[in-house]
Every structure is written in C-alpha cells, then in structure tokens.
Amino acid sequence: MTALTDQDFQRLSAYIQTNYGINLSKKQQLITSRLHSFLEEDGYHDFHAFVDDIISGRRPDLISPMLDHLTTNYTYFLREEAHFQFLTDKVIPWMKQNHRYDKCLAIWSAGCSSGEEAYTISMFLKDAFDSTWDTRILATDISRDVLAQAANPVYNINQLQNIPPAWMKKYFVKKPNGTYTVSEEIRKNVILRPFNLMNDIHFKRNFDLIFCRNVMIYFDQATRDQLVERFYDVTVPGGYLFIGHSEGIQKDHTRYHYIQPAIYQRRIGS
C-alpha cells in the first residue's frame, strides 16, 4: 500500500469537511492508520485511487464505512445522566403542558449512533406518558451501518449495567443465547433514518427537544456554530437543545439561551 501523500490527504480531508462537517485537517496519521486495512480489504493498492473514487462519486458505497473508521461511534445507555434528570424534572412537565391538546411530541436524536440514546429517551417517555400520547422519536445518523445495529439491537449484560431493574423487566427481552434486546414497544417508538447534519433540516414538525451529543466534537467552530443555528430554526419556542459536555456553544454566536452545562433553550417569544 503506497503512502497517503500530502496532496491526497488535503483533497480527502477537504472533501470530508465540506460534505460531512468532520474536520480532519490535522489528522493525516489518523486517516492513514485507520483506513490502511480497510482499503486493502477492498482491493486498493494505493490511497490515490481510493481518494479519486471517493471524490468522483464512483464509490458511494464506501462513504459510510469510511466515516465509521474515521470517527468513534461510542455510546451507552443513560450517558450523561444529568441530562435525563433535567428531562424528567423540567422538559417532560413542560411538554405535557405544551401538548396537552394535541398529545404529540417532536423529539430528535441527531447523530444517534447505534441507538442507545434514542432508546433511553423512549423509556423515559413511556414511563411519563400514557398510550394516548404520540411519543415517537426521530433518530438519525449519517452511518447506515450503525443504523442497522440500532434497528436490530443486541446487548450483553455488561452493556446494561446502568439500566434500572424496573426497566430491565419492562423494556428488555432476554434472548435464548443470553443476550438482550429492547422490547418491540420501545423499538417501534424510535424512527431510524439516515441523515447528514450538513444538509438543510426539513422535517414535518419543529422539535420540542433535540439531542445532539458528542457529535460536534468532530466539527470546527464555524461548522458547529452554523449547525446550532439550524437547530435553533427548527426548535419550537420553549424547546431545548442538549449537547455533549465536551462540546461548547459560543454564547455570543447563538440565539439559544444557556440553561446549564450542555443544555440550551429557545426562549418563548424568540
């Protein structure tokens, strides 16, 4: 396998940032190490041909696995528990009041990875709302591979250590081989769709709550600011945005109102 030249690195990193927002401009060694075996398995003998095929659009089938190799789809149930405490204490009571007539929620897990975040949200909603409510969650990711995992979730017992015993009984099903999956009730409550966060955001409804956590760590500040503003435009007045604690929003570059670390709100009347 011939080396990734500076020119091909610049071409590939620029293409990835322009089309997917991921900033790899200082990650030449990371790209080389993470893609080397992937390219060999697909029959490539040099990076140049691969970069040509990606940029030209000849191998769209390699985009999703390439991005999977270059990013970390790490997630788990009840990650950043303070968010879920705020969801329980503040957001759910507000949604119950705000949607008391239509009983239809709009929640988005943006960059949902393999689904643990969306399924966690769903369990909180199922505990809080009765069957007369539409509590379905939109869960999107750019990776079709992780969406496939989310559609057919399989967990070992170690992955469920954070799950309360009551939820284990209500929302998980043990399989004959000893692994677990989420119940059909929870799976049906999560709508999985591929979506590139660099695209314009056009869904049927604006959102009461957007989770976009540990996704923007891959973006530069300008891309992050632009995405947050697009989120704001599709957040209902009074609605919330949750981001990862390792991410930051520049307060003088956003119309969201800061509530507490990693939680922002679109104020009513704004």
Side-chain angles (χ1 to χ4, degrees), residues 13-27 63-64 67 70-73 75 79-80 82-84 86-87 90-92 94-95 98-99 104-113 117-118 121 136-143 146-147 191-270:
S13 61
Y15 173 85
I16 291 172
Q17 183 160 7
T18 298
N19 290 278
Y20 306 104
I22 300 169
N23 180 13
L24 299 171
S25 60
K26 298 179 180 180
K27 303 289 186 180
I63 295 291
S64 181
L67 297 178
L70 295 175
T71 57
T72 303
N73 291 305
T75 186
R79 186 178 189 180
E80 299 184 13
H83 279 162
F84 296 105
F86 190 90
L87 173 68
K90 301 294 184 181
V91 181
I92 285 176
W94 169 74
M95 290 192 296
N98 202 45
H99 291 286
C104 186
L105 308 181
I107 299 172
W108 182 14
S109 172
C112 67
S113 189
E117 176 181 88
I121 301 166
R136 286 175 295 176
I137 300 161
L138 175 66
T140 68
D141 202 280
I142 197 170
S143 170
V146 296
L147 289 174
I191 302 167
L192 298 166
R193 295 287 184 272
F195 186 74
N196 182 353
L197 289 173
M198 294 302 98
N199 292 344
D200 291 338
I201 302 172
H202 295 299
F203 294 109
K204 290 182 180 179
R205 301 183 59 186
N206 287 350
F207 296 97
D208 303 299
L209 173 61
I210 299 172
F211 278 73
C212 186
R213 305 188 304 169
N214 307 298
V215 175
M216 293 187 289
I217 55 174
Y218 296 105
F219 302 162
D220 63 20
Q221 193 61 55
T223 303
R224 192 178 301 175
D225 291 342
Q226 292 164 9
L227 177 58
V228 167
E229 289 306 284
R230 295 204 304 279
F231 282 152
Y232 184 92
D233 289 335
V234 296
T235 303
V236 302
Y240 294 88
L241 170 68
F242 289 3
I243 65 172
H245 281 85
S246 60
E247 299 164 321
I249 291 179
Q250 299 184 96
K251 295 179 184 178
D252 56 346
H253 282 75
T254 182
R255 291 170 286 168
Y256 278 112
H257 176 72
Y258 172 83
I259 300 296
Q260 65 184 54
I263 297 178
Y264 296 81
Q265 183 182 30
R266 176 170 177 167
R267 286 290 185 85
I268 295 173
S270 65

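As the structure is a computational prediction, the values presented were derived from the model and not from experiment. One-based numbering along the sequence shown.
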Heavy atoms, side chains only, cut-off 4.5 Å: are [X] and [Y] in contact?
| X | Y | answer |
| --- | --- | --- |
| Ile249 | Leu241 | yes |
| Leu70 | Lys27 | no |
| Met216 | Val228 | yes |
| Phe231 | Ile201 | yes |

### Message
Under a plain distance cut-off of 3.5 Å, with no hydrogens placed, do Ser143 and Asp141 share a side-chain donor-acceptor pair?
### Response
no

### Message
Please determine whether side-chain contact (heavy atoms from CB on, under 4.5 Å) holds for the pair Gln17 and Ile22, giving the CA-CA distance in whole Å, both sets of side-chain angles, and the decisive distance to 0.1 Å.
### Response
CA-CA 5 Å; Gln17 183 160 7; Ile22 300 169; over 6 Å; no

### Message
List the residues meeting side chain to side chain contact (heavy atoms under 4.5 Å, CB included) with Phe207, not counting sequence neighbours, and say none if there are none.
### Response
Ala106, Trp108, Leu138, Phe203, Ile210, Val234

Got a sec, which residues hit side-chain hydrogen bond (donor to acceptor under 3.5 Å, both in side chains) with [X], two or more places apart in sequence or on another chain?
| X | answer |
| --- | --- |
| Arg230 | none |
| Tyr256 | Thr235 |
| Gln221 | Asp225 |

### Query
Does a salt bridge link Asp233 with Arg255, judged by any charged N lying under 4.0 Å from a carboxylate O?
yes

Roughly how far apart are [X] [atom1] and [Y] [atom2], rounded to 0.5 Å?
| X | Y | atom1 | atom2 | result |
| --- | --- | --- | --- | --- |
| His257 | Lys251 | NE2 | NZ | 9.0 Å |
| Ile243 | Leu227 | CD1 | CG | 10.5 Å |
| Tyr240 | Phe86 | OH | CZ | 4.5 Å |

### Query
Using 30° and 60° as the class limits, which term best fits the ring planes of Tyr258 and Tyr264: parallel, tilted or perpendicular?
perpendicular

### Query
Stepwise, does the side-chain contact (heavy atoms from CB on, under 4.5 Å) test hold for Phe211 with Ile137?
CA-CA 11 Å; Phe211 278 73; Ile137 300 161; over 6 Å; no

## Note on the structure
Tightest non-hydrogen contact, residues Ser109 and Glu117, listed as OG-OE1, 2.6 Å

### Summary
For residues 192-209, the salt bridge (Lys or Arg N to Asp or Glu O under 4.0 Å) pairs (sequence neighbours left out) are Asp102-Arg205

### Task
Test side-chain contact (heavy atoms from CB on, under 4.5 Å) on Met198 and Asn19 and set out the steps.
CA-CA 7 Å; Met198 294 302 98; Asn19 290 278; over 6 Å; no

### Message
Quick one, Tyr218 with Leu24, criterion side-chain contact (heavy atoms from CB on, under 4.5 Å). Give me CA distance, side-chain angles, the key distance, then yes/no.
### Response
CA-CA 8 Å; Tyr218 296 105; Leu24 299 171; 5.7 Å; no

## Note on the structure
Those residues at least two apart in sequence (or on a different chain) that pass salt bridge (charged side-chain N to carboxylate O under 4.0 Å, His left out) with Arg224 are none

